[in-house]
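Just so we're clear, the structure is a prediction, and the values are computed from it rather than from any experiment.
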Amino acid sequence: MNNSLPPQEHDSTFKFLFEHPKDILFLVRNVIGYSWAKDIEEDSIELADKEFVDEYFLQRRADVIAKAKLKDREVYFYIIIENQSTVAKDMPERLLKYMILLWARKIREGAEKLPAIIPIVTYNGLEKDWDIPQEIISEFDIFKDDIFKYALVNISKLDAKALLQEEEDILSPVVFYLEQVRDDTEELVKRLKEIEPKLEKFNKNNLERFLIWAKNVIRPRLAKEDKEKYDELAQRVKQGGVRKMGEFVSNVARLLDESQMRKFNEGVLQGIQQGKIEGKIEGKIEVAKKLIQRGFSDEDIAELTELDLEKVKELRKELSN
């Protein structure tokens with residue numbers, strides 16, 4: 001299933017997520033819990049230029065760079081957020097390059113004092129744990145414990161459900177909660193229905209951003225014939241606002257269920273045909289087990305797989321134990 005998804009879908013999804021000041025503040029204050037984050041002036045958070053040119057005149061681009069200021073301090077600091085869906089062995093070096101290039105830019109601009117730069121990696125890989133060392137260098141005023149050691153936000157390890165309770169109109173915890181089960185259609189449908197009340201409280205901006213996430217992550221998981229129906233549902237939400245969100249969630253959940261069932265049935269038919277061609281009893285048994293788990297009757301399974309009815313009943317008994 002993953003092979004049919006757009007390349008780098010998860011990386012690009014998180015890029016747009018953290019191009020919003022409130023989500024950046026939520027990340028550093030509520031998710032990571034930096035000790036100094038409580039003193040950030042929210043109104044001071046702004047996105048900075050992400051483009052760099054190195055000494056070889058090659059263009060480099062970070063995912064997100066934000067500029068912010070602490071209360072009672074005139075000096076700004078920077079936050080670099082790098083989004084990953086796969087483990088990147090070169091992450092410490094990559095972050096250090098961004099930091100050096102940003103400092104070089106500030107020097108060219110005539111800065112008398114270099115700003116602190118806080119590197120963060122958001123990782124939403126589900127199949128492999130992040131095993132890259134987080135140390136980069138060390139020491140920098142009040143940021144000495146954080147500046148050269150990037151914070152890792154491993155989406156799959158978060159208590160995302162608890163984070164949902166902290167803020168009403170923030171997109172991040174919703175995306176975290178759904179991203180954790182993006183490869184489990186049944187659980188994704190369940191969580192979509194669960195967070196429907198929260199989605200109905202979103203402001204227009206967060207509603208539109210949620211639809212961007214859904215387009216990148218949910219829509220590719222639908223069967224080809226269902227994608228046009230999805231687009232119609234999304235358009236209704238854009239036109240009708242949050243009052244259409246209930247209709248959107250229930251119908252998208254139905255489309256996901258139907259797509260999953262359609263793919264399953266196609267797999268069953270392929271398995272049956274393969275079993276007939278090869279004449280292997282093992283293949284028929286595996287197909288029969290899947291049909292049992294999907295609720296087919298013993299008689300229908302025996303007819304579809306050409307197994308003896310008693311054999312099907314025996315398999316059902318094995319699975320129930």
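Between L163 and N30 the shortest heavy-atom distance is CD2-O, 4.2 Å. Between I132 and P92, the shortest heavy-atom contact is CG2-CD, 3.8 Å. Shortest non-hydrogen contact noted between D49 and R105 is O-NH1, 3.3 Å. Nearest approach of F77 to I118, heavy atoms of both residues: CD1-CG1, 4.2 Å. Residues L152 and Y123 approach most closely at CD1-CB, 3.9 Å, considering heavy atoms. Listed here is the closest heavy atom pair of L233 and E247: CD2-OE2, 4.2 Å.
The same ILVMFWY cluster, assembled from side-chain heavy atoms under 4.5 Å apart, contains both W36 and V31. Hydrophobic cluster membership differs between Y76 and I40, with clusters built from Ile, Leu, Val, Met, Phe, Trp and Tyr side chains linked at under 4.5 angstrom. Under the 4.5 Å side-chain heavy-atom criterion for ILVMFWY residues, a single connected hydrophobic cluster contains both I32 and I155. Using a 4.5 Å cut-off between side-chain heavy atoms of Ile, Leu, Val, Met, Phe, Trp and Tyr, with links allowed through other members, L126 and L17 fall into different hydrophobic clusters. Put simply, L309 and F296 are part of two different groups of oily side chains (I, L, V, M, F, W, Y) that touch within less than 4.5 Å, one to the next.
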Practice item. Output, in order, the C-alpha distance, side-chain angles, deciding distance and verdict of salt bridge (charged side-chain N to carboxylate O under 4.0 Å, His left out) for E200 and R243. Key: CA-CA 7 Å; E200 291 176 341; R243 62 189 181 85; over 6 Å; no

**Study point:** Trace of the salt bridge (charged side-chain N to carboxylate O under 4.0 Å, His left out) decision for D39 with R73
**Key:** CA-CA 10 Å; D39 294 322; R73 287 188 175 232; over 6 Å; no

Exercise for review: Please report the C-alpha distance between Q84 and W130 in whole Å, then the side-chain angles of each, then the deciding distance to 0.1 Å, and finally whether the side-chain hydrogen bond (donor to acceptor under 3.5 Å, both in side chains) criterion is met.
Suggested key: CA-CA 10 Å; Q84 286 292 129; W130 187 273; over 6 Å; no

Practice item. Report the C-alpha separation of K229 and E232 in whole Å, then their side-chain angles, then the decisive distance to 0.1 Å, and conclude whether the salt bridge (charged side-chain N to carboxylate O under 4.0 Å, His left out) test is met. Key: CA-CA 5 Å; K229 297 177 184 176; E232 292 175 0; over 6 Å; no

Practice item. Let me see the working for R182 and E179 under salt bridge (charged side-chain N to carboxylate O under 4.0 Å, His left out), right down to the final yes or no. Key: CA-CA 5 Å; R182 63 171 185 263; E179 280 279 339; 2.9 Å; yes

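Under 4.0 Å is where a charged nitrogen must lie from a carboxylate oxygen, and between K71 and E41 no such pair does. In this structure, K311 pairs ionically with E314, as a charged nitrogen and a carboxylate oxygen lie closer than 4.0 Å. Salt-bridge formation is not detected for the pair E186/K190: no Lys NZ or Arg NE/NH1/NH2 atom is positioned less than 4.0 Å from an Asp or Glu carboxylate oxygen. Of the charged side-chain nitrogens involved, at least one lies within less than 4.0 Å of a carboxylate oxygen, so that D183 and R221 count as a salt-bridged pair. Under 4.0 Å is where a charged nitrogen must lie from a carboxylate oxygen, and between K198 and D169 no such pair does.
The closest side-chain heavy-atom distance from L178 to F210 is below 4.5 Å. Between P21 and E46 there is no side-chain heavy-atom pair separated by less than 4.5 Å. Side chains of V28 and I120 form a contact here, defined as non-hydrogen atoms less than 4.5 Å apart. Taking the side chain as every heavy atom from C-beta outward, L25 and I45 approach each other to under 4.5 Å. A 4.5 Å side-chain heavy-atom check between V153 and V121 finds every atom pair outside the cut-off. Side-chain contact between E19 and L47 is present, with at least one heavy-atom pair separated by less than 4.5 Å. At a threshold of 4.5 Å between non-hydrogen side-chain atoms, the residues D63 and I81 do not count as touching. At least one side-chain heavy atom of R254 sits under 4.5 Å from a side-chain heavy atom of N251.
Within the 3.5 Å criterion, the main-chain N or O of S172 finds a donor-acceptor partner in the side chain of D23. Using modelled atom types, one side-chain atom of K38 and one backbone atom of S35 make a donor-acceptor pair closer than 3.5 Å. Listed for the Q134 side chain is no donor-acceptor partner under 3.5 Å among the backbone atoms of K149. The backbone N or O of L158 sits less than 3.5 Å from a side-chain atom of Q180, completing a donor-acceptor pair. Under the 3.5 Å distance criterion, the side-chain polar atoms of N203 are matched with a main-chain donor or acceptor of N205.
More than 12 heavy atoms of other residues, nucleotides or ligands shown are found within 6.0 angstrom of NZ on K69. The environment of D90 atom CG is dense: over 12 non-hydrogen atoms of other residues, nucleotides or ligands sit within 6.0 angstrom. The 12-atom threshold is exceeded at NZ of K67, counting heavy atoms of other residues, nucleotides or ligands nearer than 6.0 Å. Taking a 6.0 Å sphere around CG of D72, one finds it holds 12 or fewer heavy atoms contributed by other residues, nucleotides or ligands.
Between the side chains of N154 and N124, not a single donor N or O lies within less than 3.5 Å of an accepting N or O. Side chains of K106 and Y78: a donor on one and an acceptor on the other come within 3.5 Å. Y177 and E194 form a side-chain donor-acceptor contact under 3.5 Å, judged by distance and modelled atom types alone.
A distance of 14.0 Å separates CG of L27 from NE2 of H20, quoted to the nearest 0.5 Å. How far NZ of K201 is from CD of E168: 4.0 Å, rounded to the nearest 0.5 Å. To the nearest 0.5 angstrom, I212 atom CD1 is 10.5 Å from N206 atom CG.
Taking the six-membered ring for Trp and thresholds of 30 and 60 degrees, F18 and F176 have ring planes inclined between 30 and 60 degrees apart.
The ring of W103 has its center no closer than 6.0 angstrom to the ring center of Y98.
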